[in-house]
Visitor: 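This is the structure, below, for whatever I ask next.
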Amino acid sequence: MQTQIDPTPIPIEDEYLFGWNPTPGIVSVWAHRDGRALIWRRVNGTVVRSAEHYIPWLLATSLQDVKYLGDALQPHDEHASHKVVLRYRKLNGPASSYKYLLYARESRLLEKTILEGAGHRLRRPLNMINELGDAYYRVGPVEQYLMSSGKVYFRGMTYQDLHRLQFDLETTALDPHRGRIFLVAIRDNHGFERVLEAATPEEEAHLIYELCALIRERDPDVIENHNLFGFDLPFLEHRATVHRVPLEIGRTGGPMVMESYQETLAVGPEARKRKRFSVVGRELIDTMDAVRRHDFVVRDIPSYGLKEVAKYFRIASPQRVYIEGSDIFETYQKNPNLVRRYAMDDVTEVDGLSQRLLGAPFALAGMAPRRYERLASAGPAMGILEPILVRSYLRRDAAPPYQAAQQSAEDGLHEGGAVHLFASGIAEQVVKADVASLYPSLMRTFRIGPSCDRLGIFLNILGRLTDLRLEHKEMALQNKRHSIESNHHAATQAAMKILINAAYGYMGAGKMALFADGKAAGEVTRRGRAILNSILDALRQRGMALIEADTDGVYFAVPRGWSAAQEKELVNSIASELPAGIRLEYEGRYRAMLSHEVKNYALLTYDNRLLVHGVALRSSRAEPFGDRFLRKALHCAMVGDVVGVRNLYLETVSDLRNRRLPASELATRVKLSKKPETYMEARNSHQEPAYEALLGAGRTHWEVGERVRFYRTRKGYVWLPDETEEAPIVTDWREQADGKVAPQTKTSLVTYQDIANRRDYDVEHYVQVLRNSYAARLSKAFSKEAFEQLFRAEQQPSLFDVDPPIESIEPLWIRHN
DNA sequence: GCTCTGTGGTG
DNA sequence: GATGACACAGAGC
């Protein structure tokens, strides 16, 4: 039974935000370019499919390319004749806008007709609408369907109503060229759990077939996993191709084959090409996208890996099985049950992550005219806000602005937010205060919106979102914690926050954004800098020790012994001096902070957790021993335990010198970018450790993109394989004493574990690495002399014996004047 | 030194 | 059937 939340019709003023068509329960849409659309709706617990038609359309700045059609081009309300190829609707708007909505019964026909006309005009053949620059504005078929119908996903549904299935592959290697699937864990939120296995390579094809059959049988609306697009689907696709097993996991009624196409996901740190997979009738969700989006705001997640993230969100079970990635297949051979549990724990955590993080995209899908799976990973500015704005303009028969003709987007090259580093070193009793939604607050308070938005919809939506968000936040608190209602409101407010925070970035997005306005964006940052400066002045006047400030927030140290209440009172008193509509908030307090550089610092919480921000304080080389050293040393330094830092350093050096650390602790990992041929050509002039390590191990073939782990010895580099080869039995034909040849079986000589435990590394090299790349990150915590003394490689006293005793060394404290 | 490219994650 | 939110290190010039 579905829970109906807010069954009331959509108020007129909210049509911009939520669309206007009340159709409930849409869980998936698949639209073809020929005008066919398949809609799946969840009605009282069952899924119904309907086949519909929509009219493919796009927006044009002029009719010049289609004028040649003559009578075959008609305004929308005239001549019902079969000779009409294209119709258009003239939208209200100034000369420079997308004044014409062109449509035809088929998308390809629409585009071909335009391309032909443009080809005549430009006197060259054209193949794609993209070649015509931004004279035309197009969206995908599903977006066309949703924008013109005013429908959205999930109307009247809550997150619990979705049928979600998680599956996770366990493989013998990370690279599908070098390994295979040996196990799949599957579960769904209706209580289903299953583990499929392929003990031998021959069973892999059947395993894939079974997985597909199970998905069809369970028939979920959504398929989820962590790094689904980055690992499971590409791996599955590759193995399915090898075995020629069709990947039929879509909903019956559409083509059941997984489709894939290239896309550039330029969302935050994901700005690179990756393959996008899509399935008819189901939504594919990668929980890592949600983690990334969450971290964009909080910037607090140490790693995006599933296990780390599950711990971070406290959804990891205490009984959870942990197995090192490279040990999984070997463990499976010895103790398959353990790996079964491990894999099931993985999918269970993915479900937990989904419940925790996917509510917001779910709520976004109830607003923006795009598929749920796209909204889960789309950039909120171009990917979500803009479709909402365009839909709103079309609803009003208004032409969206055409930027290329206007200068305003480009000439607004402006300064961004202010970034200050006031002090480096170690501070105690640190407070973080920041302005809640600084930029959107400024936009709303001072009515700064894109000048090209004639209808004022941008600011209208921003205002509506801000008000509604507060209401949902309030409702989330009023309802019982973790109740369906509370979760629904919490997710909705989170979705609105995403949109609100996108508003500023969208205005500054440059000329590709339809509603961009660089000047307005510049005005926002200018006012933002002024607000930040007044906050900093107020803190200085009150004698606080400023550490660093960035756009809308500041870290500072308060006098020793202050209580949290005193800190809050200080922040509130400063907040009360700011303009109405600008809210300065007390965000948190920390026992200590190491300030290294702008945006690079470590925090120690009062419950002794270490939070590290910025890559300057993280290890880029990622030798495990160095990483561990750095975390411990940071902790010691931040509590003023200088002797502890020194001892830790001496211990680590001694561990290296006495070869107490296994090679795996010292290995780095790099991704190969050269093909074997390419490297062999350049090898004489320029050698690279990763390739030399492979060649040294007798490997002459590799794929670009393979990750190679290796460590350094005095003789060269040693490859540390990340996986155990399958079929470890080799048959060795030996000539025996009597001259006969007989087969001799033996197990393979080395497993990766043997190599990982070797100790033949170049000790002096790693002592250098410890000092130069790890200890160096503590340089800002001490004076130059103290640093030299602390990290002197040898224990010998200095020549002249003038060093002060270690016990007397203090870190560089950031203190009040 | 500067610009360009790659990276995050997955077994 | 595309995006348009980072912030840095390392390679290549």
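Lettering of chains follows the sequences in order, A, B, ..., and the numbering in each one begins at 1.
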Visitor: On a whole-Å scale, what distance lies between the C1' atoms belonging to dA7(C) and dG11(B)?
Guide: 28 Å
Visitor: Looking for any heavy atom pair under 4.0 Å, which part of the strands does I323(A) touch: base, sugar-phosphate only, or nothing?
Guide: nothing
Visitor: Describe, in one word, how the ring planes of F182(A) and Y332(A) are oriented to each other, choosing from parallel (under 30°), tilted (30 to 60°) and perpendicular (over 60°).
Guide: tilted
Visitor: Taking CD from E597(A) and C1' from dA9(C), how many angstroms apart are they, rounded to a whole number?
Guide: 13 Å
Visitor: OH of Y774(A) versus P of dA9(C): gap in Å, rounded?
Guide: 13 Å
Visitor: Indicate, with a heavy-atom threshold strictly under 4.0 Å, whether G325(A) touches base, sugar-phosphate, or nothing.
Guide: base
Visitor: Roughly, in whole Å, what's the span from CZ in F231(A) to P in dT7(B)?
Guide: 17 Å
Visitor: In whole Å, I'd like the distance from the CZ atom of F515(A) to the C1' atom of dG4(C).
Guide: 16 Å
Visitor: Does S303(A) make a side-chain N or O approach to OP1 or OP2 of dG9(B) shorter than 4.0 Å?
Guide: yes
Visitor: So which nucleotide from dG4(C), dG9(B), dA5(C) ends up closest to the side chain of P380(A)?
Guide: dA5(C)
Visitor: Tell me: OH of Y439(A) to C1' of dA5(C), nearest whole Å?
Guide: 13 Å
Visitor: Roughly, in whole Å, what's the span from CG in D345(A) to C1' in dG11(B)?
Guide: 16 Å
Visitor: Could you tell me which residues satisfy side chain to side chain contact (heavy atoms under 4.5 Å, CB included) with E204(A), sequence neighbours excluded, listed by chain and number?
Guide: R180(A), I181(A), I208(A), R239(A), H243(A)
Visitor: Are R370(A) and dT3(C) close enough that a side-chain N or O sits under 4.0 Å from OP1 or OP2?
Guide: yes
Visitor: Does L306(A) reach a base, just sugar-phosphate, or nothing at all? Heavy atoms under 4.0 Å.
Guide: sugar-phosphate
Visitor: Would you say dG11(B) has OP1 or OP2 under 4.0 Å from some side-chain N or O of K307(A)?
Guide: yes
Visitor: With sequence neighbours excluded, what pairs up with N127(A) under the side chain to side chain donor-acceptor pair (under 3.5 Å) test?
Guide: none
Visitor: Is the centre of the Y717(A) ring less than 6.0 Å from the centre of the F710(A) ring?
Guide: yes
Visitor: L514(A) has an atom CG; how far is it from atom P of dT3(C), in whole Å?
Guide: 13 Å
Visitor: Whole angstroms only, please: what is the CG-P distance between L183(A) and dG11(B)?
Guide: 12 Å
Visitor: Y137(A) pairs by side chain to side chain contact (heavy atoms under 4.5 Å, CB included) with which of I129(A), L58(A), L59(A)?
Guide: L59(A)
Visitor: Considering just the side-chain nitrogens and oxygens of N600(A), establish if one lies under 4.0 Å of OP1 or OP2 belonging to dC8(C).
Guide: yes
Visitor: Between dT3(C) and R374(A), is there an OP1 or OP2 to side-chain N/O distance shorter than 4.0 Å?
Guide: yes
